[in-house]
There are 2 protein chains.
Amino acid sequence: MGHESESVVVELGAVAVTVSDQSPRFLVRQEGSLKAAQARFVRRGFDVAGDALPSGQFDPEEHRTLEIGLRAFVYQQTGVRLGYVEQLYTFGDRGRHPVEREGGHRVLSVGYLALSDMSDGQSPSGANWKSMYAHFPWEDWRQGAPQVVAEEIVPALKAWAKQSSDSDDQELRLGRMRGCFGQEAAVWDEEKVLERYELLYEAGLVAEARRDGSGLDHSASAHVLAEKLGLPMMSDHRRILATAMGRLRSKLKYRPVVFELMSPTFTLLELQRTVEAVSGVRVHKQNFRRLVERAGLVEATGAVLNQTGGRPAAEFRYRPEVVHELVAPGVRVSSPRKFS
Amino acid sequence: MGHESESVVVELGAVAVTVSDQSPRFLVRQEGSLKAAQARFVRRGFDVAGDALPSGQFDPEEHRTLEIGLRAFVYQQTGVRLGYVEQLYTFGDRGRHPVEREGGHRVLSVGYLALSDMSDGQSPSGANWKSMYAHFPWEDWRQGAPQVVAEEIVPALKAWAKQSSDSDDQELRLGRMRGCFGQEAAVWDEEKVLERYELLYEAGLVAEARRDGSGLDHSASAHVLAEKLGLPMMSDHRRILATAMGRLRSKLKYRPVVFELMSPTFTLLELQRTVEAVSGVRVHKQNFRRLVERAGLVEATGAVLNQTGGRPAAEFRYRPEVVHELVAPGVRVSSPRKFS
DNA sequence: CCCCTTATGCTCAAAATGAGTATATATGGA
DNA sequence: TCCATATATACTCATTTTGAGCATAAGGGG
């Protein structure tokens, strides 16, 4: 016990999500927010230009729980005090993290998903919220299928499939492409965020794959494509981001987590726009309100808001009691049916 | 970096589940399966009699990934080679683990859920599979509400609620009781395994709470009740078990994971019985087959089996292709409706 | 053969879902 | 004032999904 070889450094990182201007955003670390001792550990630009998630090294002396440590790091590095927090995943593969490549300890990263409401001024002015879809341009289907899917991704993945020598493997790759990006018989499944990112990574199309990988295509055109596939991030942070996004989209449907992203009161359209921003798909307005109201998730405050440009909207608030009542349903977004 | 104070020991543990004799079971560590060096670390009976999950200390030198380490430990300690494995949760609260209480390092536990099929002789004869419901007697609702719920748990939780000085808190406790155990308006939700265990722990009713806690009820009757609330386990392993059980029950509904518990071919009744064993509730036979067949999850092999004691059953196999086709639905178990 | 068992096919009502149409009530400009 | 244009909200309707049950098929054992 306690051999040097068996000890491990644990890094805690957060994907803190909010929605503003109809756009899902996440918190990145501010420059100069690190103590000197930590700066070396997490120093930016170690091997790729790109933002980094707020994170830090877990200190068992100081932090009674992992979550406490996480909240402290996020506060130090961004000024934001987190509300709702849930654990996402623990990443521990060798070679994942720059620090251990320099010959340090093995690094384990525990990733968290946090949700905050921008509206209530919780977030200090300096906080650095970046657009999700700037990093995942293929994930926003609110205006229909994004151009980049048909014009760049699908052709590039077809080409990648052809590169395989084995014809079974070619078919497998094509099948993954169709399943991930909703081509042909398959339907777009907004939850498969991680699968899609990993497919693009495996195919060597995103910038991080080109950074990490050896023997990949180094042509200028491959570089141009990578730029169209969103902004890269430090280390494997974009993968963690994809994990968070997928989990959030999934959770939206069976737990009332949207409300963590809302101000205390809101109109049903605001609620709908938030769901749409996160899930990346449009929903049917009338059915959405039917669902939300029938499930008893909200109640009218009685107030009416008329700054909406049309008929004034009723103001609602979340009814947290619902969780203790019967089953707590989330807000389901319906995917278009493609059956017979 | 690398201060002694910041280094952490990482423990990998598995809840390996199978179903045999219509009963969900999980793998426990065999006596004498540990190397001397590890034995001190994980020695049994440190502070409570009870089984332990197979687990071991992650060694970054030896294990390229966490999963590889996990598989090695499970094989060493039980002789079982795991198939399907997924990460559950990382537990890191201070004071959770006996070793750190003796003044050693802080211990982080990464828990995994594994699923195996008993039928194919994968499991060596020595492997030690324990009944899930022996540890969670309140979770098996296949024969209707278990006696222990109405006769022991509900009264004890009501008494616990009364103990609170604050009347709001009393109502809160009662609400949790109703929500967890399906009393009054609430309906039994088989997924809330962890919530239920934690409630019982918080109320000081299970043996582990009496072991860990201070100032709890030490009367003989409390001891008798704890014995009716299932077998305790080492450390917080029963909590990890509850986490796994809840996750498995939940996953059953949206991913075709049951098949990891089945032999390659099976009848629809066998499939149904497996789902029932895990979820702990009965399902409607005709609707179950409708669901499974319509979703395209299985295909008939053409063979017929007539050792069933009635009309011979068609033999089926899993159709893994379904995952790549459209959306991959799981096997939903329906909870009875209690609306209007 | 009857009677037991399990397998499998089919029906039916209730509820949920997807997609509209219709009406209400604000704003701003002709 | 009245209209065009927003959005809000109510209601309808066909289809699908779900929960529940009946009916029939096909084995084995007396």
Side-chain angles (χ1 to χ4, degrees), chain A residues 22 187-188 190 253-254 265-276 279 281-316 326-327 329-340, chain B residues 22 141 144 187-188 190 253-254 265-276 279 281-316 326-327 329-340:
Chain A
Q22 321 244 327
V187 83
W188 175 257
E190 74 278 353
K253 294 182 192 162
Y254 62 96
T265 63
F266 45 82
T267 69
L268 291 185
L269 186 59
E270 285 166 353
L271 185 66
Q272 181 186 341
R273 293 291 180 230
T274 304
V275 168
E276 290 175 338
S279 66
V281 297
R282 287 216 161 285
V283 307
H284 184 282
K285 185 195 263 200
Q286 294 91 325
N287 292 345
F288 178 79
R289 38 167 68 240
R290 176 175 65 187
L291 179 73
V292 165
E293 293 194 277
R294 194 170 43 88
L297 291 169
V298 299
E299 64 192 354
T301 64
V304 206
L305 305 173
N306 51 359
Q307 60 275 34
T308 53
R311 172 174 168 177
E315 189 185 64
F316 287 84
L326 301 152
V327 194
V331 189
R332 215 168 295 177
V333 305
S334 64
S335 43
R337 314 216 165 174
K338 271 206 184 175
F339 302 90
S340 73
Chain B
Q22 321 244 325
W141 284 56
V187 84
W188 174 257
E190 75 279 352
K253 295 183 191 160
Y254 63 96
T265 63
F266 45 81
T267 69
L268 291 185
L269 186 59
E270 284 166 353
L271 186 65
Q272 182 187 338
R273 293 290 179 232
T274 304
V275 168
E276 290 175 338
S279 66
V281 297
R282 287 217 160 284
V283 307
H284 183 283
K285 186 195 262 196
Q286 294 93 325
N287 292 347
F288 178 79
R289 37 167 71 239
R290 174 175 68 188
L291 179 72
V292 165
E293 294 194 275
R294 194 170 44 88
L297 292 169
V298 298
E299 65 192 351
T301 64
V304 226
L305 305 173
N306 50 0
Q307 61 276 32
T308 52
R311 171 174 169 177
E315 188 185 66
F316 287 84
L326 301 151
V327 194
V331 190
R332 215 168 297 177
V333 306
S334 65
S335 43
R337 311 209 170 181
K338 271 207 187 173
F339 302 90
S340 73

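Letters A, B, ... mirror the listed sequences (proteins, then strands); counts begin at 1. What you see is a predicted model, and the numbers here were worked out from it, not measured in a lab.
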Only pairs under 3.5 Å count here: list side-chain donor-acceptor contacts from residues 292-299 of chain A, not counting sequence neighbours, and write none if there are none.
| from | atom 1 | to | atom 2 | distance (Å) |
| --- | --- | --- | --- | --- |
| A/Glu299 | OE2 | A/Arg317 | NH1 | 3.2 |

Query raised in the report: D/dT18 P sits how many Å from B/Lys253 NZ, rounded?
Result: 13 Å
Query raised in the report: Which nucleotide, D/dC22, C/dA19, D/dT9, lies nearest any side-chain atom of B/Gln286?
Result: D/dC22
Query raised in the report: Do B/Arg290 and D/dG19 share a donor-acceptor pair, side chain to base, under 3.5 Å?
Result: yes
Might you list the N or O atoms of the protein lying below 3.5 Å from N or O atoms in nucleotides 26-28 of chain D, with each pair's distance?
none

Query raised in the report: Hey, is the side chain of A/Arg294 poking within less than 4.0 Å of OP1 or OP2 on C/dT17, counting only N and O atoms?
Result: yes
Query raised in the report: So, B/Gln272 side chain and B/Phe288 main chain: donor-acceptor pair closer than 3.5 Å or not?
Result: no
Query raised in the report: For the base of C/dT8, is there a side-chain donor-acceptor partner from B/Glu293 under 3.5 Å away?
Result: no
Query - Residues that B/Arg289 engages under side chain to side chain donor-acceptor pair (under 3.5 Å), provided they are two or more places apart - result: none
Requested in this report: Starting from the 5' end of DNA chain D, give me the residue, A/Asn287 or A/Phe316, whose nearest nucleotide shows up first.
Outcome: A/Phe316
Requested in this report: With sequence neighbours left out, write down each residue that passes side chain to side chain contact (heavy atoms under 4.5 Å, CB included) with B/Glu270, or none if nothing qualifies.
Outcome: B/Met262, B/Phe266, B/Thr267
Query raised in the report: With B/Glu315, which residues qualify under side chain to side chain contact (heavy atoms under 4.5 Å, CB included), at least two apart?
Result: B/Thr265, B/Thr301, B/Ala303, B/Leu305
Query raised in the report: Contact class for A/Leu269 (heavy atom, under 4.0 Å): base, sugar-phosphate, or nothing?
Result: sugar-phosphate
Query raised in the report: Does A/Lys285 make a side-chain N or O approach to OP1 or OP2 of D/dT7 shorter than 4.0 Å?
Result: no
Query raised in the report: Rounded to the Å, how far apart are A/Leu291 CG and C/dG18 P?
Result: 9 Å
Query raised in the report: What residues, two or more places apart in sequence or in another chain, satisfy side chain to side chain contact (heavy atoms under 4.5 Å, CB included) together with B/Asn287?
Result: B/His284, B/Arg290
